[in-house]
Amino acid sequence: MKKQLFIRITAALLISSACIVTGCMSTGVPPAEKGESVFVSGENKYHAIIKIAAVPEDDGEYDVRSVYWFSNWRDGWTEVRFSASGKITAQRTEKQTFILHVTEPVTVTVPEQASLRYEDTLLEDDRALTQMTDRWDRIEAVCAWLSQNGLGYEDAAAALPGMTKKKNRGKEYPAVPDQFRQILETGTLKRDWQECAPLFRFALDLPFDDEHVLSMNWRKEK
């Protein structure tokens, strides 16, 4: 037991050290393609690095092409670039940061590239993309069900027993759909939550509008 705890602590320290050195970014997933401008979020409620890649247009707007995500958890990280659409404008401030405005809602569709780490195991390329695509499908399905029932991120754990150790404190929730029962029983959804719970919050907030982007400070990477 002590040996397993030592291994977990060591792995967590190594991952944390890597994040400090690299700015919490692996090198497996480029955030943008050639010719795209990249806006990087500051501190946000997702505790994640979010990058919006967009192509500048003649009228001053930016055509959003992808959204990059990077978040840590205790034993690893989740890094993914999603295909996206929408339009934004960018206003430079005196502090050389940017205020983004959404002129057409920013919608995220499917993962394009991914890199996933669990302790000392790193998944990249097709294997990581397949796993991330399956995970995103499950997250979207759960979030759609939560939204349809007027539930939010704070309700997710209690509404889906087995996803976490959180107990239902007396609030009544709708019956769990059959489509979720197997992934709850096998622990698949529990792993989704453990490894990237912030992505559930992110999915529930989509599509992004002014309220979401204005709550973050942005800087231009290129």
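Note that the structure is a prediction, hence the values are computed from the model and not measured.
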> Is the backbone of Glu79 close enough, under 3.5 Å, to the side chain of Ser115 for a donor and an acceptor to pair up by distance?
Replying inline: no

> Say you draw a straight line from CZ of Arg81 to CZ of Arg65; how long is it, rounded to the nearest 0.5 Å?
Replying inline: 12.0 Å

> Any salt bridge between Glu195 and Arg135, counting N to O under 4.0 Å?
Replying inline: yes

> Can any side-chain N or O of Thr97 pair as donor or acceptor with the backbone N or O of Thr93 at less than 3.5 Å?
Replying inline: no

> Around atom CG of Asp59, are there more than 12 heavy atoms of other residues, nucleotides or ligands at under 6.0 Å?
Replying inline: yes

> Would a line drawn from the ring center of Tyr153 to the ring center of Trp193 be shorter than 6.0 Å?
Replying inline: yes

> Would a 4.5 Å heavy-atom cut-off, applied to side chains only, mark Leu206 and Thr107 as touching?
Replying inline: no

>> According to side chain to side chain donor-acceptor pair (under 3.5 Å), who are the partners of Asp209, at least two apart in sequence or on a separate chain?
In response: His212

>> For Phe208 and Phe202: C-alpha separation, side-chain torsions, deciding distance, then whether ring-ring contact (aromatic ring centres under 6.0 Å, His included) applies.
In response: CA-CA 9 Å; Phe208 266 20; Phe202 177 73; 5.5 Å; yes

>> I want to check something: taking the side chain as every heavy atom from C-beta on, are Ser37 and Lys220 in contact at a cut-off of under 4.5 Å?
In response: yes

>> For Val213, is there any backbone N or O sitting under 3.5 Å from a side-chain donor or acceptor partner on Trp218?
In response: yes

>> Donor-acceptor check, side chain of Asn149 to backbone of Trp145, threshold 3.5 angstrom: yes or no?
In response: yes

> Under the 3.5 angstrom rule, does the side chain of Asn44 hit a backbone N or O of Tyr46 as a donor-acceptor pair?
Replying inline: yes

>> I'd like to know if the side chain of Arg117 reaches the main chain of Glu119, judged simply by a donor and an acceptor atom lying under 3.5 Å from each other, with no hydrogens or angles considered.
In response: yes

>> Just verifying a value: how many Å separate Leu123 CG and Met132 CE, rounded to the nearest 0.5 Å?
In response: 12.0 Å

> Taking 4.0 angstrom as the limit, do Lys45 and Asp205 come out as a salt bridge?
Replying inline: yes

> Does the ring center of Trp73 lie less than 6.0 Å from the ring center of Tyr118?
Replying inline: yes

>> Quick check for you: to the nearest 0.5 Å, what is the distance between Ser147 atom OG and Leu204 atom CG?
In response: 5.0 Å

>> Are the side chains of Val142 and Phe180 in contact, using a 4.5 Å heavy-atom criterion?
In response: yes

> Are the side chain of Thr89 and the backbone of Glu61 linked by a donor-acceptor contact shorter than 3.5 Å?
Replying inline: no

> Does NZ or CZ of Arg92 lie under 6.0 Å from the centre of the six-membered ring of Phe98, at an angle within 45° of the ring axis?
Replying inline: no

>> Is there a side-chain contact between Glu124 and Gln113 in this structure, where contact means two heavy atoms from C-beta onward sitting under 4.5 Å apart?
In response: no

> Under 6.0 Å between the ring centres of Phe82 and Tyr68?
Replying inline: no

